[in-house]
2 protein chains.
Amino acid sequence: MNAIFKALSDPTRRKILELLIEGDMNAGDIADNFPITKASISHHLNILKDADLIMSEREGQTIIYSLNTTVFQETLKWVYDFFDKGSEGHE
Amino acid sequence: MNAIFKALSDPTRRKILELLIEGDMNAGDIADNFPITKASISHHLNILKDADLIMSEREGQTIIYSLNTTVFQETLKWVYDFFDKGSEGHE
DNA sequence: AATATATTTAGACAGTTGTCTAAATAAAGG
DNA sequence: CCTTTATTTAGACAACTGTCTAAATATATT
């Protein structure tokens with residue numbers, strides 16, 4: 001869980017995830033959405049991959065990134081439980 | 001939202017929140033749950049407070065911390081929307 | 001094989017973060 | 001008022017992070 005929260009703590013990485021929600025995308029197209037170098041985006045993609053939030057697959061010259069929806073759902077549940085406990089109030 | 005994610009990215013701070021879910025607590029009692037100095041805990045409490053995740057109120061010599069349940073719920077909704085989009089799949 | 005395209009890796013560097021110790025502030029009780 | 005207790009603030013420092021440039025790798029095309 002720590003890796004996931006660390007991964008989510010950066011705005012660029014959250015925006016990458018938002019892009020991938022719209023559909024799979026190759027590294028270059030992802031990078032075109034940001035004002036930083038492709039090398040830096042590659043670094044962010046690695047962190048998201050280490051957290052298991054995304055997956056990658058080579059297709060010819062390009063590498064296509066996609067959401068790992070399983071981990072997305074698990075994280076949702078985890079966060080939901082975490083915050084839900086707090087918002088119920090305690091008797 | 002960025003401050004909230006940054007705040008959540010540290011394990012100590014997440015554990016502080018978990019403690020506060022169980023009920024309000026003063027700074028010293030919070031610190032007793034961790035192997036780091038009270039000064040460091042104070043620093044973490046500040047970050048959580050800046051993110052509006054917790055509130056504080058002095059009561060005599062002690063300062064009592066409590067969850068800001070409003071922001072807790074808002075964050076839950078935000079995260080829910082964020083992750084939910086991704087787990088629905090795209091047609 | 002040589003070149004072009006797509007992406008990653010390596011190394012460097014500045015800025016941020018988590019921690020510490022020491023000093024400062026605030027309230028309570030002699 | 002002086003001391004004790006509770007907590008924060010300030011300043012220092014090592015570790016981590018996000019970024020860059022330059023070089024490396026992998027595939028495709030000629």
Side-chain angles (χ1 to χ4, degrees), chain A residues 1-68 75 82, chain B residues 1-20 22-68 71 75 82:
Chain A
M1 257 313 161
N2 200 42
I4 291 180
F5 274 108
K6 285 268 196 233
L8 292 174
S9 72
D10 180 80
T12 299
R13 291 195 288 270
R14 290 199 302 277
K15 195 173 167 196
I16 289 174
L17 291 176
E18 284 173 29
L19 288 172
L20 291 178
I21 285 173
E22 297 304 314
D24 300 356
M25 224 186 246
N26 67 52
D29 287 349
I30 292 172
D32 288 344
N33 289 271
F34 299 91
I36 62 182
T37 63
K38 286 172 204 281
S40 296
I41 291 295
S42 185
H43 169 69
H44 286 304
L45 289 170
N46 255 323
I47 290 172
L48 288 169
K49 215 168 134 184
D50 286 348
D52 241 357
L53 285 164
I54 64 174
M55 300 177 295
S56 68
E57 196 184 2
R58 179 175 281 278
E59 187 164 296
Q61 256 170 310
T62 73
I63 294 181
I64 299 186
Y65 284 90
S66 56
L67 287 185
N68 183 345
T75 303
F82 184 82
Chain B
M1 257 314 158
N2 199 42
I4 291 180
F5 273 109
K6 284 269 196 235
L8 292 173
S9 72
D10 180 79
T12 298
R13 290 194 289 268
R14 289 198 301 275
K15 196 174 166 197
I16 290 174
L17 292 175
E18 284 172 28
L19 289 172
L20 292 178
E22 297 305 314
D24 300 356
M25 223 186 248
N26 66 53
D29 288 349
I30 292 172
D32 287 345
N33 288 272
F34 299 91
I36 62 180
T37 64
K38 286 173 203 280
S40 296
I41 292 295
S42 185
H43 169 70
H44 285 305
L45 289 170
N46 254 323
I47 290 171
L48 288 169
K49 216 168 133 184
D50 285 349
D52 240 359
L53 285 164
I54 65 175
M55 299 175 297
S56 69
E57 195 182 2
R58 178 173 282 278
E59 187 164 296
Q61 255 171 312
T62 72
I63 295 179
I64 300 187
Y65 283 89
S66 57
L67 288 186
N68 183 345
V71 175
T75 302
F82 184 81

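Lettering of chains follows the sequences in order, A, B, ..., and the numbering in each one begins at 1. Quantities reported herein were computed from a predicted structural model and do not represent experimental measurements.
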Bending between helix ends of the helix from C/dA1-D/dT30 to C/dG30-D/dC1 [5 pairs per end, 10° resolution] = 10°
Note: contacts of residues 41-50 of chain B with DNA chain D (heavy atom, under 4.0 Å) are B/Ser42, B/Asn46
Residues which pass side-chain contact (heavy atoms from CB on, under 4.5 Å) with [X], listed by chain and number, not counting sequence neighbours:
X: A/Ala51; answer: A/Ala3, A/Ile4, A/Ala7, A/Leu53
X: A/Thr62; answer: A/Asn26, A/Glu59, A/Ile64
X: A/His44; answer: A/Asp10, A/Thr12, A/Arg13, A/Ile16, A/Ile36
X: A/Asn68; answer: A/Asp52, A/Met55, A/Thr70, A/Val71

Measure from the side-chain heavy atoms of B/Gln61 and tell me the nearest of D/dA6, D/dT19, D/dT7.
->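 Out of D/dA6, D/dT19, D/dT7, the nucleotide with an atom closest to B/Gln61's side chain is D/dA6.
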Length of the [atom1]-[atom2] vector between [X] and [N], whole Å:
X: B/Asp29; N: D/dT5; atom1: CG; atom2: P; answer: 16 Å
X: B/Glu59; N: D/dT7; atom1: CD; atom2: C1'; answer: 15 Å
X: B/Asp10; N: D/dT17; atom1: CG; atom2: P; answer: 11 Å

[X] and [Y]: which non-hydrogen atoms are nearest, and at how many Å?
X: A/Arg14; Y: A/Leu8; value: NH1-O, 2.6 Å
X: A/Arg58; Y: A/Ile63; value: NH2-CD1, 3.8 Å
X: B/Asn33; Y: B/Lys15; value: O-NZ, 3.5 Å

Look at all strands and tell whether [X] reaches a base, only sugar-phosphate, or nothing, counting heavy atoms closer than 4.0 Å.
X: B/Ala39; value: base
X: B/Phe34; value: nothing
X: B/Ser40; value: base
X: B/Thr37; value: base

Show me the protein contacts with nucleotides 13-16 of chain D, counting only N or O atoms at under 3.5 Å.
none

Any residue meeting side chain to side chain donor-acceptor pair (under 3.5 Å) with A/Asn46, in chain and number order, not counting sequence neighbours |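 Not a single residue meets the side chain to side chain donor-acceptor pair (under 3.5 Å) criterion with A/Asn46.
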Counterpart residues, side chain to side chain donor-acceptor pair (under 3.5 Å), relative to A/Lys49 (two or more places apart) =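 A/Lys49 satisfies side chain to side chain donor-acceptor pair (under 3.5 Å) with A/Ser56 once adjacent residues are dropped.
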In Å and rounded to the nearest 0.5 Å, what is the NZ to NZ distance from B/Lys6 to A/Lys6?
->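 One finds 9.0 Å between NZ of B/Lys6 and NZ of A/Lys6.
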A/Leu48 side, atom CG; A/Ile30 side, atom CD1 - distance, nearest 0.5 Å =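 Spacing of CG (A/Leu48) from CD1 (A/Ile30) equals 9.0 Å.
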Check every nucleotide of DNA chain C for an atom under 4.0 Å from a heavy-atom of chain B, then give the first and the last such nucleotide from 5' to 3'.
->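 For DNA chain C, the relevant span reads C/dT17 to C/dA28.
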List in chain and number order the residues that pass ring pair (Phe, Tyr, Trp, His ring centres under 6.0 Å) with B/Tyr65, two or more places apart in sequence or in another chain; answer none if no residue qualifies.
-> none
Taking only residues at least two apart or on different chains, which pairs with a member in residues 4-32 of chain A satisfy ring-ring contact (aromatic ring centres under 6.0 Å, His included)?
-> A/Phe5-A/Trp78
